[in-house]
Chemist: 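Attaching a single structure in structure tokens format; questions to follow.
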Amino acid sequence: MPTLIQIANELAVSFAQTQNKQHAANHLIIEINSLKYRHSKKLIEYNVKAAILYVIKCRLPGHSKESILFSKAEDYILKKLDTNNESKTSNNLNVASLTLYKTPL
């Protein structure tokens, strides 16, 4: 099963390679909102979703066109992420060690 970092890397590459960044942003939202924990099959929490976005942002080259466009889309993406009725506060989660399960669309 892929880790959070592996999923974020794949999504960063996908965002960078897609010409239509609005479509790429919507794709990120769908992919991230569909992620589940491998063992419990429960949807991941909002703070983990936000951490994935942070890793994606870090993977895009500094002042590249993709990085600038991602920064512009980031607030839109964060607002569209499902919160699963949770607060948007951090729980001091060690996100690098998470193993996730990608649900098929």
Side-chain angles (χ1 to χ4, degrees):
M1 292 293 144
T3 64
L4 178 142
I5 302 295
Q6 292 167 327
I7 290 170
N9 286 339
E10 289 175 17
L11 293 173
V13 169
S14 174
F15 184 86
Q17 292 177 344
T18 303
Q19 293 295 320
N20 183 334
K21 297 305 181 194
Q22 180 64 41
H23 175 74
N26 287 328
H27 175 74
L28 289 177
I29 293 164
I30 292 168
E31 287 290 324
I32 294 171
N33 278 334
S34 68
L35 291 173
K36 296 182 178 184
Y37 290 106
R38 180 178 63 174
H39 296 292
S40 68
K41 305 294 189 243
K42 291 183 180 180
L43 292 172
I44 63 173
E45 293 90 3
Y46 179 87
N47 59 340
V48 178
K49 295 174 185 183
I52 291 171
L53 283 184
Y54 176 77
V55 174
I56 292 170
K57 185 176 185 176
C58 291
R59 299 293 300 155
L60 297 172
H63 296 290
S64 68
K65 177 182 173 185
E66 288 78 18
S67 177
I68 293 166
L69 291 172
F70 183 81
S71 292
K72 290 180 180 180
E74 190 172 16
D75 284 339
Y76 167 77
I77 296 168
L78 282 168
K79 289 177 186 174
K80 297 292 183 177
L81 293 178
D82 289 337
T83 59
N84 299 326
N85 297 323
E86 297 175 17
S87 68
K88 295 181 180 182
T89 59
S90 173
N91 293 339
N92 297 325
L93 187 62
N94 181 4
V95 294
S97 65
L98 292 176
T99 302
L100 304 174
Y101 171 75
K102 283 181 83 172
T103 54
L105 297 178

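Bear in mind that the values here come from a model prediction, so they are computed numbers and not experimental data.
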Chemist: Name all residues meeting the side-chain hydrogen bond (donor to acceptor under 3.5 Å, both in side chains) criterion together with Glu74; count only those two or more places apart in sequence or in a different chain, and write none if there are none.
Modeler: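 Glu74 satisfies side-chain hydrogen bond (donor to acceptor under 3.5 Å, both in side chains) with Lys57 once adjacent residues are dropped.
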Chemist: Of all the heavy-atom pairs spanning Leu43 and Tyr37, show the shortest one and how long it is.
Modeler: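 Leu43 and Tyr37 have their closest heavy atoms at O-CE1, 3.9 Å.
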Chemist: Between Ser71 (side chain) and Ser67 (backbone), is there a donor-acceptor pair under 3.5 Å?
Modeler: yes
Chemist: Would you say Leu69 and Ile56 are hydrophobically clustered, going by side-chain heavy atoms of ILVMFWY under 4.5 Å?
Modeler: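 In one cluster with Leu69: Ile56, no.
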Chemist: Looking only at non-hydrogen atoms, find the nearest pair between Phe15 and Leu28 and report the distance.
Modeler: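 That would be CD1-CD1, 3.8 Å.
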Chemist: Has Tyr76 got more than 12 heavy atoms of other residues, nucleotides or ligands less than 6.0 Å from its OH?
Modeler: yes
Chemist: Side-chain contact test, heavy atoms from C-beta onward, threshold under 4.5 Å: evaluate it for Gln17 versus Glu66 and give yes or no.
Modeler: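 Answer no - side chains too far apart.
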Chemist: Kindly determine whether Leu4 and Ile44 satisfy side chain to side chain contact (heavy atoms under 4.5 Å, CB included), including the steps that lead there.
Modeler: CA-CA 11 Å; Leu4 178 142; Ile44 63 173; over 6 Å; no
Chemist: Rounded to the nearest 0.5 Å, how far does OG1 of Thr18 lie from CG of Asn26?
Modeler: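 The CG atom of Asn26 sits 11.5 Å away from the OG1 atom of Thr18.
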Chemist: Identify the heavy atoms of Lys21 and Ala16 that sit nearest to each other, and give their distance.
Modeler: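 Smallest interatomic distance, heavy atoms only, reads NZ-O, 3.2 Å.
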Chemist: Could you tell me whether a side-chain N or O of Thr3 sits under 3.5 Å from a main-chain N or O of Gln6, the two making a donor and an acceptor?
Modeler: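 Yes, Thr3 side chain to Gln6 backbone: donor-acceptor pair under 3.5 Å.
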Chemist: If you group Ile, Leu, Val, Met, Phe, Trp and Tyr by side-chain heavy-atom gaps below 4.5 Å, do Val55 and Leu78 land in one group?
Modeler: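 Cluster IDs for Val55 and Leu78 match.
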Chemist: First locate atom CD1 of Ile52, then atom CD1 of Ile7, and finally report the distance between them rounded to the nearest 0.5 Å.
Modeler: 6.0 Å
Chemist: With sequence neighbours left out, what residues match Lys65 under side-chain hydrogen bond (donor to acceptor under 3.5 Å, both in side chains)?
Modeler: none
Chemist: Could you walk me through whether Leu11 and Glu31 pass the side chain to side chain contact (heavy atoms under 4.5 Å, CB included) check?
Modeler: CA-CA 8 Å; Leu11 293 173; Glu31 287 290 324; 3.9 Å; yes
Chemist: Looking at residues at least two apart in the chain, or sitting in another chain, which of them share a side-chain contact (heavy atoms from CB on, under 4.5 Å) with Asn33?
Modeler: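 Asn33 satisfies side-chain contact (heavy atoms from CB on, under 4.5 Å) with Ile29, Lys49, Leu81, Asp82 once adjacent residues are dropped.
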